[in-house]
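Down below is the structure, laid out as structure tokens.
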Number of protein chains: 2
Amino acid sequence: MKNNKDLPVEEHSGPLMADVARLAGVAISTVSRALANPGRVNEKTRAKIDAAAKQLGYTPNAMARGLRVGKSNVVMIVLPGSLYYGVSQVIPQVLQGINRSLSQNGYHLMIANLDRDEISERHILDLAFGGTVRGAIILSSDLPVDGGRSLKDSALPIVSLLFDMSHAALPSVVTNDRQSVRDATSELIALGHRRFLYLAGPVGNYHDNERYLGVLEALAEAGLSETAVIRSGGTLDYQHGFQIGVAAAAEFADLTQKPTAVIATSDDMAISFMSCVQRMGWKIPADLSIVSFDGAPVCEYSSPPLSTIEQPVEEMGQLAVSLLMERIDAPERGAATRHVISSKLIRRESFGPARPSI
Amino acid sequence: MKNNKDLPVEEHSGPLMADVARLAGVAISTVSRALANPGRVNEKTRAKIDAAAKQLGYTPNAMARGLRVGKSNVVMIVLPGSLYYGVSQVIPQVLQGINRSLSQNGYHLMIANLDRDEISERHILDLAFGGTVRGAIILSSDLPVDGGRSLKDSALPIVSLLFDMSHAALPSVVTNDRQSVRDATSELIALGHRRFLYLAGPVGNYHDNERYLGVLEALAEAGLSETAVIRSGGTLDYQHGFQIGVAAAAEFADLTQKPTAVIATSDDMAISFMSCVQRMGWKIPADLSIVSFDGAPVCEYSSPPLSTIEQPVEEMGQLAVSLLMERIDAPERGAATRHVISSKLIRRESFGPARPSI
DNA sequence: CAGTTTTTGGCAATCGTTTGCTAAACCTCT
DNA sequence: AGAGGTTTAGCAAACGATTGCCAAAAACTG
């Protein structure tokens, strides 16, 4: 094993556990036990070993360990297409929170982008089935499939974030999209608004569904008809939020009976919508109230400052991680619970009482 | 090897290469060669093997392969603290571009957050020295150190992105911060501006240095004194861009001799500054011209639309990846080249001729 | 059909660590 | 000093793939 015959160099990599053992004057198995198990080795020798390891700058080979014990310390996050883009900052904040929590648990974060193409799906499945990752957090309503393999029937612990996938047996961490939009809408109704414009995400999308239902519920509760709200958009993905807002502004300009309040499902849409509509001469909030979703920091600095429903993404990310840790530690496959963390409306100047008449 | 004595179950993981070999009726070494080497095996048997692999849903174990061949297919990106936050979207776009390029090269992306604390530095070094990652792209001007280990003297191929670290023997991909700011400043001078306010990033920061130098160079070229520019900020990190802008607005209000043009080193600062200053009654661009840096999409929708120097971050990310691939393939340790990709000023309504007099 | 080339099959070593085992070494306490 | 209990050494077998080697088999060639 250590008879490196007559090969003088071993440039390939750093010091091995055998080197540490030799320097510390102990057996290799003792080193292994000292570094991994807490109590199985005497304190004095452990100190000796630690010193030797530090002196050599020894770092255990993660792949060798992973291969042996059959597990890795990597978690992957599956992100839909380019959900980056724009301003909403939801994804970066999520990454931030998740990465921090994972670090504290001794895990690393790997990014897997779920584009529509076959190759990215295969990559994700390779990670999942190739033993590279120990668990996954997904931000998408459909799991990748390739050939005979599917994330769904992998033994990998998975937690869904932002999307409610508890029906698919995945523990899910979501915000109360519907309720928070419903509350916001009710508030607008209380301010006298009776006609609404809803800026939609892609039709069929979980968030768009929920938020729109929130609007409808508020209307119903107030005894208003569903015709009180006009849907705009629905074809583009959230990543094209700005375009959606621009298009919606044009649509708004053409309406004969103008709504007095706008509910946007992302800050991007709201920002570009507001900008366009102001350029056309409408006053916010005098002519038109606007409320949007996400809670991007920039909303505070638009003119007027934009009211938005803030998602506690960092907190959600942390919860997702701790759920994942539970699943990893105790792989009992029951109880796909749904955890809701409430968003809250940040009230700013972009909305106010409805204009008396239109 | 395959005499699993009398253990009935092997739930641990999916099918092995041995299973594929058995199903395809070939030897295990043939399977290995078929899946890795392109030409070493007959086309017919390779097809048989592929079919068997697909039927079983076989995925090679990445850690076993990695251990054997001594390399992984993971690249890590080292991000400074929480550079996320805000609106500038530089980081998310960088991640996007890098991840896409890496995927095309068969690599995966791992995120390593370089917070100030010791634990995160250790994590990064564990990744580097533990054989987990094959290369690194860093977005920071200082490399992590822990105990006797330092990224600097690891054999890991590293490429620096956004920061010029060619002096530290790292190939670097940067934009022409200085030149682009200089050009923008010159343009403002040509419009009659003679007094400037510069919204600074943290003092000592590479980008802040470069961009400020750009301003100074433009002033010098026009025969103006350095006193023509007032620096504001310099204490907070870029992640607190909004706060910097707010503080700068207050500072601006107190100035007895007002500048007529503002040069901000990030979009965040510019946005919050503009918002505050407008609220105080100043008109943009009539009273004050503003130009900022980054090229966040949202700038198009502020009021007035914000002029900004757009960094081609996606392109820079791609270049960084291809440089890294070169380093990986040919680990000759020479030529730490510096690659510059030009940013360009996007002219919008936030700047114009200087107000006749102040 | 013999001779040559291409393709496979087996075998075995290897990557660096973990872990079960037995026996030896050490320590503590009467 | 010997009993009883901890620790450690040393050995060896994993983990799942890659790879060099040689012989066997198959496929071509003339």
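Everything numeric in this text was worked out from a predicted model, so none of it was measured. Note on naming: letters A, B, ... go to the chains in the order of the sequence lines (proteins, then strands), and numbering restarts at 1 for each one.
- Between Val31(A) and Val31(B), it is Val31(A) whose nearest contact on DNA chain D lies nearer the 5' terminus.
- Taking CD1 of Ile77(B) as the start and CE of Met110(B) as the end, the distance is 13.0 Å to the nearest 0.5 Å.
- Distance check: Gln104(A) CD to Ile119(B) CD1 gives 7.5 Å after rounding to the nearest 0.5 Å.
- Per the geometry, CD belonging to Glu43(B) stands 14 Å off C1' belonging to dT6(C), to the nearest Å.
- The distance between atom CG of Leu35(A) and atom P of dT19(C), rounded to the nearest whole Å, is 12 Å.
- Using a 4.0 Å heavy-atom criterion, one finds that Thr45(A) contacts the sugar-phosphate atoms exclusively.
- Backbone-only engagement by Gly25(B) is indicated by non-hydrogen atom pairs under 4.0 Å involving sugar-phosphate atoms exclusively.
- For Thr30(B) and dG9(C), a side-chain-to-base donor-acceptor distance below 3.5 Å is absent, hydrogens and geometry of angles not being considered.
- Across Leu79(A), Leu161(A), Leu114(A), a single residue satisfies side chain to side chain contact (heavy atoms under 4.5 Å, CB included) together with Ser140(A), and that is Leu114(A).
- Rounding to whole angstrom units, CG of residue Leu16(A) and P of dT17(C) are separated by 5 Å.
- Atom-to-atom, CZ of Arg33(B) to C1' of dC22(D) comes out at 12 Å; the value is rounded to the nearest Å.
- The nucleotide whose nearest atom lies closest to any side-chain atom of Val69(A) is, among dT19(C), dG10(C), dA9(D), dT19(C).
- As rounded to whole Å, 18 Å separates atom P of dT6(D) from atom CZ of Arg46(A).
- Contact annotation: Tyr58(B) reaches the phosphate of dA17(D) (side-chain N/O to OP1 or OP2, under 4.0 Å).
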